[in-house]
Structure formats: C-alpha cells, structure tokens
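One structure is given below, encoded as structure tokens.
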There are 2 protein chains.
Amino acid sequence: MFSALANPVRRQLLDSLREGPRAVSDLAGQFSLSRPSISEHLQVLRGAGLVREEPRGRHRYYHLEPQPLAEVGQWLHPYEHFWRERLRSLRDVLDEEFS
Amino acid sequence: MFSALANPVRRQLLDSLREGPRAVSDLAGQFSLSRPSISEHLQVLRGAGLVREEPRGRHRYYHLEPQPLAEVGQWLHPYEHFWRERLRSLRDVLDEEFS
DNA sequence: GCAACGCGTCGGGAAAAGTTGACGCGTCGG
DNA sequence: CCGACGCGTCAACTTTTCCCGACGCGTTGC
C-alpha cells in the first residue's frame with residue numbers, strides 16, 4: 001500500500017483519476033514517460049486495489065478506487081494527535097512571546 | 001516523504017518512537033536486522049525530518065518528530081471525501097437491501 | 001480484409017534501495 | 001589508562017524498482 005504510493009508518478013496518476021476515468025494513452029500524455037511505463041505503474045496501483053479497469057473497445061478506462069487509502073488514514077491517525085499537540089505548543093510559545 | 005514511509009521497518013520504527021525516545025540498539029532489538037541497517041533507516045527518517053537525534057553519553061536517543069506527516073494528511077485529504085462517499089453509498093445499498 | 005490504433009507483457013539494462021561485516025571514534029566503567 | 005560498549009560510516013553485494021523497445025493481440029475504420 002505505502003510502497004504503491006511511494007512513486008510520484010503513481011500519486012499523480014491517482015490525482016488525475018480523481019477527475020474521472022481515463023484511458024492509458026490519455027494519462028501517459030501528462031508524463032515524459034513511455035506508455036509501457038505508465039501501464040506498469042497502473043498495474044502496481046491495481047495490485048494495491050487503488051484503480052479498476054474498464055475495457056471499452058480498444059481503450060481501457062481506469063477508475064479511481066480510493067477505499068484502500070483508508071488504511072493509510074488509519075496508520076496516520078495516531079500521529080495526527082501528536083502533530084496537533086506540537087502545533088498547539090508552538091502556538092502557546094508564540095502567544096507567550098508576543099503577548 | 002512518501003518514500004520514507006514506503007519501508008515497513010521505517011514505519012515500525014516510527015511506531016516504536018511514539019512511546020518515547022529510544023536508543024539505536026534498543027530499537028534494533030525488535031528486528032532481525034543488523035544494527036547498521038537500522039542506523040541507515042534512521043538516517044532516512046532523519047532526512048525526511050521525522051526523527052531527531054539527541055546524543056547522550058555513548059547512547060544516541062531518537063525522538064519522533066511527527067510534523068512532516070501532516071503533509072501526508074494533506075495529500076490524503078481530497079481522497080477522504082471519496083472513500084467516505086463510497087462507504088455511505090455502500091451503507092445506503094445495504095439499508096435498501098435489508099430494510 | 002487490412003492498416004492503424006490502444007494496450008498488456010516480456011526481456012534486459014540502469015539505477016536505487018537494502019543489508020551486512022569491517023573499521024574508527026567517542027564514552028563509560030573499573 | 002584500557003577494554004568494552006554504542007554508534008556512524010564505508011565498501012561491496014544482493015535485491016528491488018524503474019524504464020524502455022519490441023512484440024503480439026484484439027478493436028476500429030475504411
């Protein structure tokens with residue numbers, strides 16, 4: 001899951017798919033990468049359950065499938081508490097400094 | 001940032017550091033990895049700003065520094081909307097199915 | 001039909017990541 | 001002062017990731 005998101009190209013692919021389903025060549029147009037590379041990135045995303053493919057004629061539309069990202073949110077959750085804590089204490093310091 | 005979290009060992013290191021600062025050998029004990037490996041993983045985390053080192057005597061305590069994780073939260077945020085949407089519609093289907 | 005198109009996949013090469021033993025440096029305890 | 005300890009770093013190796021050209025297969029349009 002995390003390793004699927006480790007690559008910036010794959011994250012950008014997901015970002016693009018937020019606006020709706022897209023065909024491979026269409027997606028590949030955004031990058032200075034060969035089409036096979038994009039195809040393989042999409043396979044990785046599919047392996048993580050983050051996209052779904054819908055073959056339509058000779059095109060193949062990829063759909064965003066965001067549920068697995070909830071797992072990332074779960075991992076992140078205990079830390080959210082921590083960094084909010086941090087920001088709060090920072091704010092307190094600043095309050096004291098400039099009050 | 002994401003690539004720093006891509007490795008399961010590094011995520012587990014962060015998890016351990018949630019409970020408080022720890023020395024390297026102490027951390028290394030949890031894994032079936034050599035100590036140098038752990039050291040280098042910690043360097044990666046330090047490069048991402050996720051840990052801070054506090055040398056104390058011949059030990060070196062690593063502290064969790066969770067702020068940069070907020071960046072992950074930000075990236076995730078637009079998707080949160082999506083997967084909640086998904087769960088809601090799933091719930092609606094189930095409601096209709098079993099009501 | 002048949003040429004052009006859209007894709008997946010495979011083979012192979014390059015680059016990056018991960019792992020370890022060996023070494024060196026500072027610190028601690030006796 | 002000296003041996004043991006904790007740690008970072010380096011050199012070398014293995015594994016994984018990334019990228020592309022080449023190929024094959026089904027689809028589309030003429």
Open item on the list: Taking the nucleotide of DNA chain D with the nearest heavy atom to each, does A/Ser34 or A/Ser3 sit closer to the 5' end?
Closed with: A/Ser3
Task: Heavy-atom closest pair, residues A/Ala48 and A/Ala4 - done: CB-CB, 3.8 Å
Task: Rounded distance (Å) that lies between atom C1' of D/dC18 and atom CD1 of A/Ile38 - done: 12 Å
- [ ] Would you indicate what A/Tyr62 reaches in the nucleic acid, counting non-hydrogen atoms under 4.0 angstrom: base, sugar-phosphate, or nothing?
- [x] sugar-phosphate
Open item on the list: Nearest 0.5 Å, please: how far is CD1 in A/Ile38 from CZ in A/Arg10?
Closed with: 10.5 Å
Open item on the list: Just N and O in the side chain of A/His59: are any of them under 4.0 Å from OP1 or OP2 of C/dC7?
Closed with: yes
TODO: Not counting sequence neighbours, which residues clear salt bridge (Lys or Arg N to Asp or Glu O under 4.0 Å) with A/Glu54? List them please.
DONE: A/Arg56
TODO: Establish whether A/Trp75 and B/Val44 are linked, either directly or via other cluster members, by ILVMFWY side-chain heavy-atom contacts under 4.5 Å.
DONE: no
Open item on the list: Could you check whether A/Tyr79 and B/Asp15, counting side-chain N and O atoms only, form a donor-acceptor pair closer than 3.5 Å?
Closed with: yes
Task: 4.5 Å side-chain heavy-atom contact, A/Gln43 and A/Glu53 - done: yes
- [ ] Please lay out, stage by stage, how A/His41 and A/Val9 fare under the test side-chain contact (heavy atoms from CB on, under 4.5 Å).
- [x] CA-CA 8 Å; A/His41 280 302; A/Val9 171; 3.8 Å; yes
Task: Rounded distance in Å - CZ (B/Arg60) to C1' (D/dC5) - done: 15 Å
Open item on the list: What is the separation between atom CG on A/Leu13 and atom P on D/dC18, rounded to the nearest whole Å?
Closed with: 12 Å
Open item on the list: Holding to ring-ring contact (aromatic ring centres under 6.0 Å, His included), I want the full list of residues that pass it with A/Tyr61, two or more places apart in sequence or in another chain.
Closed with: none
Open item on the list: For the CG atom of B/Leu64 and the CD atom of B/Glu19, what is their distance to the nearest 0.5 Å?
Closed with: 11.0 Å
Task: Residues within residues 14-28 of chain A bordering DNA chain C, heavy-atom distance below 4.0 Å - done: A/Ala23, A/Val24, A/Ser25
- [ ] Return no unless some side-chain N or O of A/Asn7 is found under 4.0 Å from OP1 or OP2 of D/dT17.
- [x] no
- [ ] Quickly work out the B/Leu33 CG to D/dT15 P distance and round it to whole Å.
- [x] 15 Å
Open item on the list: Quick check: do B/Leu13 and B/Phe31 have side-chain heavy atoms less than 4.5 Å from each other?
Closed with: yes
TODO: Go through the steps to decide whether B/Leu17 and B/Leu27 satisfy the test side-chain contact (heavy atoms from CB on, under 4.5 Å), and finish with yes or no.
DONE: CA-CA 9 Å; B/Leu17 289 178; B/Leu27 288 166; 4.2 Å; yes
Open item on the list: Measure CD/A/Glu54 against P/C/dG8 and give the value in whole Å, please.
Closed with: 13 Å
TODO: May I ask you to say what A/Tyr61 touches in the nucleic acid, namely base, sugar-phosphate or nothing, with a heavy-atom cut-off under 4.0 Å?
DONE: nothing
- [ ] State the CZ-CG distance between A/Phe82 and B/Leu14, to the nearest 0.5 angstrom.
- [x] 11.0 Å
Between protein and nucleic acid, restricted to nucleotides 28-30 of chain C and to nitrogen or oxygen atoms under 3.5 Å apart, what atom pairs and distances do you find?
none

Task: B/Ser39, nearest nucleotide to its side chain (from D/dG8, C/dG18, C/dT9) - done: D/dG8
Open item on the list: Minimum heavy-atom separation for B/Ser39 and B/Val24, please, with both atom names.
Closed with: OG-CG1, 4.3 Å
Open item on the list: For a quick check, tell me whether the side chain of A/Arg35 and the base of C/dG8 share a donor-acceptor pair closer than 3.5 Å.
Closed with: yes
Task: Sorted by number, the residues of residues 40-49 of chain A with heavy-atom contact under 4.0 Å to DNA chain D - done: A/Glu40, A/His41
Open item on the list: Please say yes or no: joined through hydrophobic side-chain contacts below 4.5 Å, possibly via intermediate residues, are A/Leu76 and B/Leu50 part of one cluster?
Closed with: yes
Open item on the list: Wobble G-U and Watson-Crick pairs count when both distances are under 3.5 Å; given that, what is the 5' to 3' dot-bracket string of DNA chain C, with | for pairing to other strands?
Closed with: |||||||||||||||||||||||||||.||
